[in-house]
Amino acid sequence: MSNENLIRIAFFVSITVIIAMTVTFSLLYFVYAKYKREHIKNGHEDQKLIDDLTGKKHSKVDNPIKLSVWWNNLTNKNSAIKVESKETIQSEKPASYLELIAKKEKISKISKIVFLSLYGVFAAFIIALMITSITYRVNGDMLFINDTTYLTIKTPSMSVVHKENTYIQENNLDNQIEQYALINVKRVTSVDELNIYDVVAFKANDLIYVHRLIEKNEGSDGEILLTFKGDANNGSYSFEKGVSFDNVIGIYDGYQSLFWGAMITYLQSNIGIIAMTLALVFLVNLEVQEELIDRDYSKRLKYLATKLDKEQIN
């Protein structure tokens, strides 16, 4: 079996595993959320909700603590501190458990807005990164912004120095590029802007290469032809010789980021696109189910608060 067939099989296996895991975990959490909601609606968590509402652990449903005592304990670090007058109690404590829930909901809404904002920023970041990665893929691993072109390096041809390339050490050329790094390439308008030993991005055989310029020669028609070589290579390939300036994209300006390059390389791959899309679907499903559970909790809590308020009045 050829390597190409093995790579194709590995790809389909990876995709199948990713889809299967996403579907499985989504269904599991859906079943859990459905069971949890039924559990809440049937009153199986009433005791816990009452304890949380009254602020007393292991309290009995038929004997909730008085609201004034709970509010005093909540607003004082030392629960033994006594309130001096009934007027003070009345001014600090809520009129009912329903009012207490309303106060808590105001606070929780602020927290929820902050959480959803952060959640939205994270989702927007991932989506923007995916769009950028797909744009890279469509544009042949390039992204143009003004006079700067952003490229990702696919090979290690500029990551190390071959021992025969003595000119690199002699000229202190330490601007090697790691494989998978994202780099900046500045656009040039004239061949005169290119100097020997510049790292240049150019097109050849419908591909983009980022190698070092080692020669500038004048052709028979007076055109300047360029010769390139990767720092890790011991010679120039045929497509790197006699390159016209028309095929030059720009000069590497020294900036590189392995993190962003590896991220974009992964996200623009088929597996990366599918994996991130399914991850977003799973996160949306997770948030929807959590929201439904919270709503059922809120409804049940208000129902219990109404009962407690009636018992307190009676």
Side-chain angles (χ1 to χ4, degrees), residues 4 7-8 10-27 29-30 112-159 177-188 199-210 247-291:
E4 185 177 347
I7 292 173
R8 189 178 293 111
F11 169 75
F12 283 113
V13 170
S14 300
I15 292 299
T16 302
V17 170
I18 291 171
I19 294 175
M21 289 182 64
T22 303
V23 172
T24 299
F25 282 110
S26 296
L27 287 176
Y29 199 82
F30 174 80
K112 191 170 184 178
I113 290 173
V114 173
F115 170 77
L116 290 177
S117 298
L118 294 175
Y119 189 88
V121 169
F122 174 75
F125 171 75
I126 294 299
I127 293 172
L129 199 57
M130 289 179 64
I131 293 174
T132 302
S133 301
I134 294 172
T135 303
Y136 257 82
R137 181 171 176 171
V138 172
N139 292 334
D141 296 334
M142 291 189 298
L143 182 64
F144 303 95
I145 300 179
N146 296 326
D147 290 334
T148 301
T149 302
Y150 297 88
L151 303 173
T152 50
I153 304 302
K154 304 297 185 182
T155 68
S157 61
M158 286 294 296
S159 61
I177 306 172
E178 295 185 81
Q179 185 178 7
Y180 302 120
L182 174 71
I183 67 169
N184 290 357
V185 173
K186 295 296 183 181
R187 188 176 302 172
V188 291
V199 177
V200 179
F202 63 97
K203 292 182 180 179
N205 301 327
D206 295 326
L207 297 174
I208 299 173
Y209 297 89
V210 181
N247 293 320
V248 171
I249 298 172
I251 302 174
Y252 168 54
D253 69 357
Y255 171 81
Q256 63 173 307
S257 173
L258 182 59
F259 173 80
W260 290 115
M263 181 74 73
I264 290 174
T265 298
Y266 173 74
L267 290 178
Q268 70 181 349
S269 66
N270 293 334
I271 291 180
I273 294 171
I274 293 174
M276 294 308 299
T277 301
L278 292 177
L280 287 174
V281 170
F282 174 74
L283 288 175
V284 170
N285 174 63
L286 185 68
E287 181 59 28
V288 169
Q289 298 304 325
E290 285 290 335
E291 179 64 23

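Positions are given from 1 along the sequence.
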Flag the pair Y255 / I183 as yes when at least one side-chain heavy-atom distance between them is below 4.5 Å, and no otherwise.
no
Once rounded to the nearest 0.5 Å, what's the spacing between atom CG of N184 and atom CD1 of I145?
9.0 Å
Are Y180 and M263 close enough that some pair of their side-chain heavy atoms sits under 4.5 Å apart?
no
Could I get the full list of side chain to side chain contact (heavy atoms under 4.5 Å, CB included) partners for L207, not counting sequence neighbours?
Y209
Donor-acceptor pairs under 3.5 Å, side chain of residues 149-156 to any protein atom, not counting sequence neighbours: which ones?
from : atom 1 : to   : atom 2 : distance (Å)
T152 : OG1    : K154 : NZ     : 3.4
T155 : OG1    : S157 : OG     : 3.2

Counterpart residues, ring-ring contact (aromatic ring centres under 6.0 Å, His included), relative to F122 (two or more places apart):
none
E291: partners by salt bridge (charged side-chain N to carboxylate O under 4.0 Å, His left out), with sequence neighbours left out
K112, R295
Residues two or more places apart in sequence or in another chain: which of them pass side chain to side chain contact (heavy atoms under 4.5 Å, CB included) with V281?
none
Tell me every residue that passes side chain to side chain contact (heavy atoms under 4.5 Å, CB included) with V288, counting only those two or more places apart in sequence or in another chain.
V284, L292
How close do S159 and E178 get, counting heavy atoms only, and between which atoms?
CB-CA, 4.1 Å
Within the 4.5 Å heavy-atom criterion, are L267 and I273 side-chain neighbours or not?
no
Taking every non-hydrogen atom, the tightest pair across W260 and L182:
CB-CD2, 3.9 Å
Sequence neighbours excluded, which residues qualify as side chain to side chain contact (heavy atoms under 4.5 Å, CB included) partners of T22?
I18, S26, L278, F282
Min side-chain heavy-atom separation N146-R187 under 4.5 Å:
no
To the closest 0.5 Å, what do you measure between CG (L118) and CD1 (I113)?
12.0 Å
For T148, give me all partners under side-chain hydrogen bond (donor to acceptor under 3.5 Å, both in side chains), at least two apart in sequence or on another chain.
K186
Is the closest side-chain heavy-atom distance between V199 and V210 below 4.5 Å?
yes
Heavy-atom nearest pair, I208 first then K203, reads CG1-CG, 4.4 Å
